[in-house]
Every structure is written in C-alpha cells, then in structure tokens.
Amino acid sequence: MARQEDLTVEEALKLVLEGFAVLDAERVPILQALNRVLSEAVTALNSLPPFANSSMDGYALRAEDVASASRQQSVALRVVADIAAGSVSEVEIRRGTAARIMTGAPMPSGADAVVPVEATSERWRDAVRVLPEEILVYEAVRPGDYIRFPGEDVRAGSEVLPAGHVLRPQEIGVLASLGVAEIPVVRKPRVGVLATGDELVAVEEELRPGTIRNSNSYAQTAQIISLGAEPVSLGIARDDESDVRARLSAGLDAGVDLFISSAGVSVGAYDVVKAVLEAEGNVGFWRVRMRPGKPLAYGSYHGVPYLGLPGNPVSAMVSFERFARPAILKMAGRRNLARPCVEVEMQEEVHSDGRETYLRAIVTRAPEGRYTASSTGSQGSHIMTSLIQANALVIIPEGVKNVKVGEKLDALMIDWPGNVF
Ligand code: AMP
Ligand code: MG
C-alpha cells in the first residue's frame, strides 16, 4: 500500500471499502435478528393466512340466501353454530342457516360469505352477546365478502424475503407468523477500540495536570453500538510500542474483525501506532484531503483490518462517520452504506481552506419543503460541543473556499429527528 499519499475522501473510502467483505452467517433467536441482515432467503413453509377465515365479527352464511336482504326486507336465518377464533366447527352451513363467527375464526364449510354483525339483528344484552336461535340479516353480501383467503398474503413455498434484506419490526412480524424462530443473519462485526496517548485518563478518574479524559473510546464505542456492531474495549495504550502491541494482541484473542484506534497516527514524536503497524502489519498512512480529519492510517494488524483515526475528538468522530461506519456496515451485510444526503441552502457565509470540509450543521426544513442549514458555531477539531446541536455534516467541496448565503451544498444527515422533518 502506498504511503503518505494525498487522497480525496472518495479515493480513501474506495480503498478502505475494498478491504472489507460481508462476514459469515449465524442463526439467532428471532428478536436478536432485529436490524440485522438476512444471510439467506426465507421461503414460506405455510401460507398466510393459513386457512380461510372471517375478517369481521358476524355471521357466516350462503350469499345466495341473503341476496335480497335489506333494512326494509330482512332475511331470517337459523343459527346453527358459534365459531370463536381458535376453534374449528364441523358444522355445514346449508340453505337458510348461518353460524356466528368471530374475526379470525375459520370459515365453516358450506358458507361462502360473512355478513358483519352490524348488519344483523344481534344486539348486546346485559353486557353479553347471547347466541340467538335466529338472526335477521339486513344487507346483501356477495360470495367472498369478509373472507380472508389462504395464501392471500403469502403462498406456501414462495420466497418471502431475499438474502440481504434488513430486518425491521415488520419483517420480524412476518417471520414470526411463518414460524421462523431462528433467523439466519450476518454475524455482528466485532470492533476493537483502542485509545492511545500518555495524556489520557479514564472517565472515572480525576484530572491531573496535563491530562484529559479519554473521550474518543466512549464516542467510538457508542458509534459502534449505534450501528448494531459489537465493541471490544482494548483500553488506553500509553505512547509506548509494547503497550500498543499487547492491547492489539488482546484484540486478536477476542477475534475482532476490525481495529479502530485514535491518535498516534500523525507526525508527532510519540506517534507509536504507525511504528507498530509497520513492524507487524501492513500500513498506509494517508493524508486525506478533508477537514476535520487529515491523518488516517489504514492497514492491517496480523491480517485484521486497522483504521487509525486522528486523535482530535471531532476529527475522530467525523473520520469514523466517513470511513469506519461504511466499513462496519459493509461487514454487517448492508448494501446502503451512505447516510441520506439532502441539498441545503446555506443561511450563513462559510469558509474552508480548500480541503473537503465537513461543517457540523443544523439542517431544518422550511415550510415550502426546501432544506436550510447553518453551522453549529466554532468548528475547531477539538470543539466537541460543535457536534451536540448538529444533525448533519454539510460538505464544502474540495477547491471551494467561500460559500455565500443562499448557496447550495450537500448535507449528510447523521440524524433525522422527527422535530425537524
Ligand atoms: P495526537 O494524534 O496523538 O497528536 O492527538 C491529537 C489530539 O487529540 C491531542 O490534543 C490529544 O490529546 C487528543 N486526543 C487523543 N486521544 C484522545 C482521546 N482518546 N480522547 C480525547 N482526546 C484525545
Ligand atoms: Mg498523542
């Protein structure tokens, strides 16, 4: 892999994604399949509905018996059965008879339609609906009315979901109705998270002079969890090669599919990550022409892909968004790796140094439907709070230094909150 290349974000992303493939599959209990990707097609073993049943509470009858029924000229039928959901009636509906039937109950033989209870003389009496001996029908129905036929939704033997489909609550419901209790899905990517730096202390520790809390590991772990992947904490490595090595070995033992580290990849005197990767892996240190961001190490450690993000928290988060997120989604079997992108009209003048710039921004939708954006204030790569208000990263393209009010830019929606859209 070439070293010290100056790459565009697009070039770097292409190279990163080439290094990842969809992971192997596993079978998990149905609810654990939520938000995961189906690894093989699911074929229906039964039809949906599995049997003809009533779509209303009413009376199962022969449509021809009530062809002339109306409010003025009701038709009387003898009630021969009461069929609740979950029960099966052996009764045969002959001329002049009907069976009371509840929603979801199987149609009795001989009946070819259901008339809803509202169109009959049946009424509530003393808070119970007593089964009448005879019922008056006030409306005509046609054969097939208010019957849900077997296979209308899904036919037995048909493919219901293709491999690669993302399982949302509605897919979970369909799988449950088909009796698929164990779902074949792509394995969750396991991502090792390593912080590096002598200045870092853990979140529960007191700050001493010269130290800061390790925020990157938490932010990245949260990003990993949000993607449905599995984080593996590798702690904080000191700016010391043997410590970095020991922690990466722990990651190998834990079977990670990807290492993500922050800091230690630029040109400082103590940037040890690259020394370790050079010795025991394969590495490309790139300057990606992006802001925030710039240093990004990509390679592998003992055959496991490795993404070394910059240390500055905002750069680390944006680089994760741009490179780690799509890589993790690709391993998880997702096909759509990109955030939704909308065109926004800038509400303020913004500037860049000519690198592709990711402005932390608030995108709102104006009443006419167009999207507008303004930045969330100071854009320094150490200003973590610039991400708190942001629901988008607005991209100033490479080569553009000044953007005037009203000019249009693309916004990557990192969040799509209901109160904005
Ligand atoms: P470096 O890449 O090591 O030069 O780090 C760049 C900046 O990011 C420095 O100001 C570091 O203190 C800061 N930094 C590095 N790692 C972390 C971390 N895990 N959490 C918060 N800030 C960090
Ligand atoms: Mg450092």
Side-chain angles (χ1 to χ4, degrees), residues 3-7 12 191-226 231-248 250-251 256 258-279 281 283-299 301 306-325 353 355 358 360 378-388 390:
R3 305 181 77 238
Q4 295 290 359
E5 273 184 282
D6 245 356
L7 301 178
V191 185
V193 179
L194 180 69
T196 70
D198 284 343
E199 73 278 34
L200 303 176
V201 299
V203 64
E204 52 284 294
E205 277 180 62
E206 287 298 320
L207 291 180
R208 298 182 303 277
T211 66
I212 58 165
R213 294 202 176 88
N214 164 25
S215 63
N216 284 345
S217 292
Y218 291 92
Q220 282 153 21
T221 299
Q223 285 177 303
I224 290 163
I225 293 170
S226 303
V232 176
S233 170
L234 303 176
I236 302 170
R238 298 300 150 202
D239 288 325
D240 166 80
E241 285 184 34
S242 65
D243 196 11
V244 170
R245 226 176 246 126
R247 290 173 185 281
L248 294 181
V256 301
L258 165 65
F259 285 107
I260 289 181
S261 69
S262 58
V265 292
S266 51
V267 292
Y270 300 98
D271 291 333
V272 297
V273 168
K274 77 180 154 197
V276 170
L277 289 186
E278 268 165 359
V283 66
F285 284 97
W286 302 334
R287 286 192 306 263
V288 180
R289 296 203 298 271
M290 72 186 285
R291 202 177 66 131
K294 200 162 176 181
L296 180 81
Y298 174 59
Y301 182 77
Y306 191 108
L307 265 173
L309 307 179
N312 276 308
V314 176
S315 312
M317 279 206 95
V318 173
S319 302
F320 185 107
E321 258 299 317
R322 249 8 221 122
F323 302 107
R325 182 181 185 274
D353 63 2
R355 279 181 284 164
Y358 291 81
R360 279 73 79 200
S378 173
Q379 297 283 313
S381 59
H382 62 297
I383 306 290
M384 282 188 250
T385 51
S386 69
L387 278 160
I388 288 182

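One is the number of the first residue; the rest follow in order along the sequence. As the structure lists them, so they are numbered: ligands from 1, and atoms in each ligand from 1. Bear in mind the structure is a predicted one, so any value in this text is a computation, not a measurement.
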Mind checking what makes side chain to side chain donor-acceptor pair (under 3.5 Å) contact with Arg247, not counting sequence neighbours? Asp243

Identify the heavy atoms of Ser319 and Leu296 that sit nearest to each other, and give their distance. CB-CD1, 4.5 Å

To check you understand the geometry: which heavy-atom pair defines the closest contact between Met290 and Val318, and what is its length? CE-CG1, 3.9 Å

Run through ligand 1 for me and note each protein residue having a heavy atom under 4.0 Å from it, chain first, then residue number. Ala195, Thr196, Glu199, Leu200, Ile212, Arg213, Asn214, Ser215, Asn216, Ser262, Ala263, Gly264, Ser266, Asp271, Gly311, Asn312, Pro313

Who passes side chain to side chain donor-acceptor pair (under 3.5 Å) against Thr221, sequence neighbours left out? none

Distance-minimising heavy-atom pair for Arg360 and Leu387: CG-CD2, 3.5 Å

List the residues meeting side chain to side chain contact (heavy atoms under 4.5 Å, CB included) with Glu199, not counting sequence neighbours, and say none if there are none. Ile212, Asp239

